[in-house]
Amino acid sequence: MSVVTRFAPSPTGFLHIGGARTALFSWLHARRHGGRFILRVEDTDRDRSTEEATRAILEGMHWLGLDHDEGPYFQSERGERYREVLDDWLATGKAYYCFRTKEELDELREAQRARGEKPRYDGYWRDNDETPPEGVTPCIRFKNPLEGEVVFDDRIRGRVAVANAELDDLVICRSDGSPTYNFCVVVDDYDMGVTDVVRGDDHVSNTPRQINMLRALDVEPPNYAHVPMILGPDGKRLSKRHGAVSVMQYAEEGYLAEALMNYLVRLGWAHGDQEIFSRGEMIEHFDLGDVNHSASTFNPEKLRWLNQQYLKSLHPDDVAWRLRYYLEQAEIDPASGPHLADLVKAQRERSTTLVELVESSRFLFQDFLEWDEKAVRKHLGGAATEPLERVRAELAGLEFPEGWNAAAIHEAISGVAQELELGMGKVAQPVRVAVSGTPVSPPIDTTLELLGRERTLYRLDRAIGRTREAA
RNA sequence: GUCCCCAUCGUCUAACGGUUAGGACACUGCCCUUUCACGGCAGUAAUAGGGGUUCGAAUCCCCUUGGGGACGCCA
């Protein structure tokens, strides 16, 4: 049988790291086996679901390249089908109306907790012919088996067993007529032919209930694979209300989708000692059976490292193309500076994100107004006047653009250093501070090549003004 | 509280009964060097604790401890 997996987020917020990894594993499993990957939006809770969240999730999936073969389906559009099953179960005694009010249930649970018991519905209306109380709109509950145990073989953690005595009759339809999550999942997974349910760890305890409902539907349950949670740096579970960050936030911060995917796939899964995986390699090697059993902690440092690895290995034109967006976000006109691919080649070894790359390159597009005072004191004192003037004179002799290249610039600068019997540092650093305002930039010849002749000479003049004053 | 699950360096992980317990991030040192990086080399650092099983246990079993999840007319 061909594999069918699904990702089924509830549209109550953005797509965060945890959800993205679950989606990735599910997608990978489908791709690995040449199966289909379905996207299904679980919006049965109409109060909390928003269209905006749906869009955000779709956007995140798209950015990561997690393409679906079917959907997105919306549970909110499948009401008729749910009603049909509900009516059938009611008619055949697999489900029943429950007239317990919210208040009664709260009381019940409180008392149970006080007695040290597991809080649960007491089954009062399960087999009850009493006349229903006035004015109470009932909800519908599923008749969970009272005896025996539910066993399933989790693809990730192996055999899991839960006694039916631990399970109560859960609400499958609210008193307002809307079906609930656990019920919809069961109907949908069956209708959509899902063969492998890959989902978060937090769903293990739902699984036995869902299996019981599947049995009520008279179908065999799918395979289940519960992937462990992702923890924040504090060791606490990453959730929407606790430190979870939208994947699109990473996009905004200049991370590459490839890097994030690579980071995510290695969180809870490994293939020997391999750290870098192309999309194809992930698909080729991924196996649910190799997924770890324990939760893992999100490590931003490693993500940064990976991002730089991708920055360095991707084609410069590709990176340059993506860079435009970040330049514009930083209010930099991409046309007002060096060729972007050349810029990428020069800066990617010292940038971990595209945002960083943009910031450290700003001086190549715009005149800087702020100087790094410490660097000025150190490198633009009176002693720097002569080297700077000499360099300026040499560079002024180079024609632009034919003679303006790193090799010629390097020759000019090292020539000055030799003439003045100074180390390269004594010449290059003043020049660097002069043109960038900081003590850090790519190799000075490359920096000047990227900056261009006109800007270079202007900034050298400006700096010489300062060194003279300092003298 | 009850049920379920989990446990190798600080972090991500390798090992699928026999290894000096390997790799990666981070950290430290050295090398390279016109700065910062990149890169190279080296180093610190782990099988939670206790019992079994076995010739042999990180690996299998039990207990303890610690962590997580679930216990909704949320998903």
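Below, chain A is the first sequence line, B the second, and so on; all start at residue 1.
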- request: Pick out which of A:Pro179, A:Cys173, A:Ser175 makes a side-chain contact (heavy atoms from CB on, under 4.5 Å) with A:Ile140.
  value: A:Cys173

task: For A:Arg266, answer base if it contacts any base atom (sugar-phosphate contacts may also be present), sugar-phosphate if it contacts only those atoms, and nothing otherwise; contact means non-hydrogen atoms under 4.0 Å.
output: base

message: What I'd like to find out is whether the side chain of A:Phe365 reaches to under 4.5 Å of the side chain of A:Leu343, using heavy atoms alone.
response: yes

task: Please indicate whether A:Glu373 has more than 12 foreign heavy atoms, meaning atoms of other residues, nucleotides or ligands, lying under 6.0 Å from its CD.
output: yes

query: So which one's nearest nucleotide on RNA chain B is more toward 5', A:Leu105 or A:Ser205?
result: A:Ser205

message: Applying a 4.0 Å non-hydrogen cut-off, can you work out what A:Asp43 is touching in the nucleic acid: base, sugar-phosphate, or nothing?
response: nothing

task: Check every strand shown and say whether A:Arg100 touches a base, only sugar-phosphate, or nothing at a heavy-atom separation below 4.0 Å.
output: base

message: Once you apply a heavy-atom cut-off of 4.0 Å, does A:Gly423 come out as touching a base, just sugar-phosphate, or nothing?
response: nothing

query: Across all strands, who's sitting opposite B:A7 as a Watson-Crick or G-U wobble pair, both distances under 3.5 Å?
result: B:U65

- prompt: So, A:Asp189 and A:Arg40, do they make that salt bridge, N to O below 4.0 Å?
  reply: yes

task: Give a yes-or-no answer on whether the side chains of A:Gln347 and A:Ser351 include a donor-acceptor pair shorter than 3.5 Å.
output: no

- prompt: Which part of the nucleic acid does A:His226 contact within heavy-atom distance under 4.0 Å: base, sugar-phosphate only, or nothing?
  reply: nothing

field: Sugar-phosphate only, base, or nothing, as touched by A:Ile444 at under 4.0 Å among non-hydrogen atoms
entry: base

query: Which is true for A:Ala161 with a 4.0 Å heavy-atom rule: it touches a base, it touches only sugar-phosphate, or it touches nothing?
result: sugar-phosphate

message: Once you apply a heavy-atom cut-off of 4.0 Å, does A:Pro228 come out as touching a base, just sugar-phosphate, or nothing?
response: nothing

message: Base, sugar-phosphate or nothing for A:Asn299? Non-hydrogen atoms, less than 4.0 Å.
response: base

task: Examine distances only and state if a side-chain atom of A:Asp43 and a backbone atom of A:Gln75 form a donor-acceptor pair shorter than 3.5 Å.
output: yes

message: Counting only side-chain nitrogens and oxygens, does A:Thr297 get under 4.0 Å of the OP1 or OP2 atom of B:C12?
response: yes

- request: Just call it for A:Ser178: base, sugar-phosphate, or nothing, with non-hydrogen atoms closer than 4.0 Å on any strand.
  value: nothing

message: Which nucleotide wins on minimum distance to the side chain of A:Asp273, given the candidates B:G23, B:A75, B:G39?
response: B:G23

Tabulated below should be each protein N or O lying under 3.5 Å from an N or O of nucleotides 28-33 of chain B; please produce it.
none

- prompt: Contact class for A:Ser294 (heavy atom, under 4.0 Å): base, sugar-phosphate, or nothing?
  reply: sugar-phosphate

- prompt: Separation of A:Ile230 atom CD1 from B:C12 atom P, in whole Å?
  reply: 11 Å

- prompt: Got a donor-acceptor pair under 3.5 Å from the side chain of A:Ser296 to the base of B:C12?
  reply: no

- request: For A:Lys312, answer base if it contacts any base atom (sugar-phosphate contacts may also be present), sugar-phosphate if it contacts only those atoms, and nothing otherwise; contact means non-hydrogen atoms under 4.0 Å.
  value: sugar-phosphate

message: Which residues pass the ring pair (Phe, Tyr, Trp, His ring centres under 6.0 Å) test with A:Tyr181, not counting sequence neighbours?
response: A:His203

message: How many whole angstroms separate atom CG of A:Asp168 from atom P of B:U2?
response: 18 Å

- request: Go through the N and O atoms of the side chain of A:Gln274 and the base of B:G23, and report whether any donor-acceptor pair is under 3.5 Å.
  value: no

